[in-house]
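Just below is one structure, and these are the notes that go with it.
Residue numbers begin at 1 in each chain, while the letters A, B, ... track the order of the sequences.
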Number of protein chains: 2
Amino acid sequence: MPYDPSAFPPFAVTVDLVVLTVRRHALCALAVRRGEAPFQGRWALPGGFVRADEDLAQAAARELAEETGLHAHDPSAPAQDNGAHLEQLATYGDPERDPRMRVVSVAHLALAPDLPAPRAGGDASNARWAPVEELLQQGGYGRDGEPLAPLAFDHAQILADGVERARSKIEYSSLATAFCTPEFTVGELRRVYEAVWGVALDPRNFHRKVTGTPGFLVPTGGTTTRQGGRPAQLFRAGGATLLNPPMLRPEV
Amino acid sequence: MPYDPSAFPPFAVTVDLVVLTVRRHALCALAVRRGEAPFQGRWALPGGFVRADEDLAQAAARELAEETGLHAHDPSAPAQDNGAHLEQLATYGDPERDPRMRVVSVAHLALAPDLPAPRAGGDASNARWAPVEELLQQGGYGRDGEPLAPLAFDHAQILADGVERARSKIEYSSLATAFCTPEFTVGELRRVYEAVWGVALDPRNFHRKVTGTPGFLVPTGGTTTRQGGRPAQLFRAGGATLLNPPMLRPEV
DNA sequence: GTGTTTATCGTCAGGCAGACGACTATGATC
DNA sequence: GATCATAGTCGTCTGCCTGACGATAAACAC
């Protein structure tokens with residue numbers, strides 16, 4: 001196979017982002033409204049072209065900052081700086097996935113704490129946090145009466161893959177803390193698990209499990225009442241990234 | 001961001017393959033010798049350009065067939081047809097990873113039973129199964145006296161990622177059976193785990209675990225002596241793909 | 001036959017998870 | 001201020017799974 005620059009077809013390479021957060025006890029994803037054809041007016045995942053001198057992770061971090069103002073922190077640095085967790089998800093390259101040209105999209109998954117309203121080039125009506133079930137559901141009407149159209153391109157598949165990755169990864173890693181503010185209570189962390197998995201967890205067993213796992217949580221000393229009951233201890237994320245034994249997701 | 005075909009730089013897109021198998025109690029990967037610059041004469045992972053009308057998975061399956069004669073079976077079809085397991089691994093797109101041009105490589109992971117000698121365009125000296133430690137180790141000399149040079153491009157990183165994926169995935173899935181022939185014994189499956197993890201496992205506890213996990217193994221009725229001791233029962237892979245509870249990898 | 005090798009079954013103790021009772025500390029309501 | 005609702009935290013108990021390891025079974029080598 002000698003080197004022949006004309007022997008390979010040119011591709012466009014993009015990054016698409018599955019940005020997840022927990023809002024009002026529901027797992028939500030960032031969606032932006034498309035301004036041009038194809039799929040004009042439809043909701044899609046944020047994303048854009050990779051630049052000529054840019055690594056894939058850099059491109060994803062740039063798009064994330066443009067869409068949300070979040071900066072991704074280096075996964076190798078365990079420090080909690082309120083930045084988002086960002087990791088590569090998967091790559092989608094069906095020849096027909098974009099009718100304009102051959103596009104290969106490297107999807108990334110970002111997990112962020114609950115944020116104020118998103119911005120998309122300053123136009124708030126063109127970006128929103130939507131519950132993932134609503135984005136993945138086809139037909140019918142959303143909570144605001146808007147008709148539910150499927151996401152543009154193959155973005156429903158990408159979103160589903162991202163949600164599945166998040167659901168399984170919080171089982172055996174401390175990644176659920178990426179959905180929390182730098183300081184959080186055990187109850188807030190439990191509500192993250194409940195929202196992502198869509199199940200109810202026993203507060204007592206959950207408390208025993210997370211406080212008993214070395215390196216998962218570090219008490220800061222402070223206490224806070226955010227929900228109206230007894231004040232809760234505040235924690236930061238510990239250095240541990242892999243949980244052994246893992247959190248167990250209840251059956252079905 | 002209006003559509004402008006000149007607004008994005010062209011990329012070459014390739015698939016690279018991490019093909020793993022277990023040979024003589026060691027985890028081995030398929031390596032091919034590069035015939036041209038850059039990295040001429042160095043060992044590399046097999047791979048090639050994605051064609052204009054090809055999906056990424058199709059391209060990976062085609063490359064796998066060209067290099068090994070294996071055909072990948074559809075992951076959605078649980079039938080064991082002696083084909084290899086093939087799944088997407090990750091995508092590597094550093095601007096400097098190929099000195100010739102901007103190349104984005106979508107790496108795939110293939111798991112195969114022990115195979116006869118590989119072929120690479122009919123030239124056996126340009127393809128081989130090598131223990132992964134040997135390929136990842138830098139400097140020194142291999143078992144055949146050949147000097148150990150690092151793999152070409154960023155293939156050492158890709159191989160390391162593929163090995164780590166395989167090591168973790170056999171914990172919670174039935175993927176270890178992809179390293180076995182269609183019919184296998186519990187002992188052969190155990191030796192797969194031992195080779196991939198590099199540890200020794202208790203035969204009695206392993207037997208209890210795998211035969212007690214519903215859907216993991218299906219007895220075929222036959223028995224065979226392949227190692228010189230008492231004849232062992234033969235099994236096929238069951239329909240289960242996720243193991244719950246998982247196999248536990250011993251510490252360190 | 002005796003020893004070696006591999007496969008398979010059983011037993012036992014320790015650890016962890018699910019179910020759930022009890023107590024504590026706050027705000028809301030009367 | 002007493003009472004109630006809410007949320008957090010500590011314990012107990014039981015069942016299951018795992019790791020350690022003894023014992024038996026069935027082949028081959030000599």
Q) Is the shortest distance from a Lys or Arg side-chain nitrogen in B:Lys169 or B:Glu164 to a carboxylate oxygen in the other one below 4.0 Å? A) no
Q. Whole-Å distance between D:dA26 P and B:Gln233 CD?
A. 13 Å
(Q) Please determine whether a side-chain nitrogen or oxygen atom of A:Lys209 lies at a distance below 4.0 Å from atom OP1 or OP2 of C:dA17. (A) yes
Q. How many Å lie between CZ on B:Phe184 and P on C:dT6, as a whole number?
A. 19 Å
(Q) Nearest whole Å is fine: how far is C:dA19 C1' from A:Leu248 CG? (A) 15 Å
Q. Can you tell me how far C1' of C:dA17 sits from CG of A:Leu243, to the nearest Å?
A. 15 Å
Q. Does A:Arg230 make a side-chain donor-acceptor contact with the base of C:dT24, cut-off 3.5 Å?
A. yes
Q: Could you state the atom-to-atom distance from CG of B:Asn244 to C1' of C:dC16 in whole Å?
A: 15 Å
Q: Using whole Å, report how far CG of B:Leu217 lies from C1' of C:dA7.
A: 14 Å
Q | Spacing of B:Arg191 atom CZ relative to C:dT5 atom P, expressed in whole Å | A | 14 Å
**Q.** Proximal nucleotide (of C:dC20, D:dG8, D:dT18) relative to the A:Asp202 side chain
**A.** C:dC20
Q: Would you check if the side chain of A:Gln88 reaches a backbone N or O of B:Thr91 as a donor-acceptor pair within less than 3.5 Å?
A: yes
**Q.** N/O donor-acceptor pair, side chain A:Arg204 with base C:dG21, under 3.5 angstrom
**A.** yes
Q) How far does CZ of A:Arg165 sit from CG of A:Leu20, to the nearest 0.5 angstrom? A) 11.5 Å
Q: Output the single nucleotide from C:dA19, C:dT26, D:dC21 whose closest atom is nearest the side chain of B:Asn205.
A: D:dC21
Q. Counting just side-chain N and O atoms, does A:Arg190 come under 4.0 Å of either OP1 or OP2 of D:dA7?
A. no
Q: For B:Phe206 and C:dC9, give me the distance from atom CZ to atom P, rounded to whole Å.
A: 14 Å
Q: Would you check, one step at a time, whether the test side chain to side chain contact (heavy atoms under 4.5 Å, CB included) holds for B:Val132 with B:Leu27?
A: CA-CA 6 Å; B:Val132 294; B:Leu27 183 63; 4.1 Å; yes
Q) Closest heavy-atom contact between A:His155 and A:Asp16? A) NE2-OD2, 3.3 Å
(Q) Tell me whether the side-chain N/O atoms of B:Arg208 come closer than 4.0 Å to OP1 or OP2 in C:dA7. (A) no
Q.
So, OP1 or OP2 of D:dG8: does either fall under 4.0 Å of a side-chain N or O from A:His207?
A. no
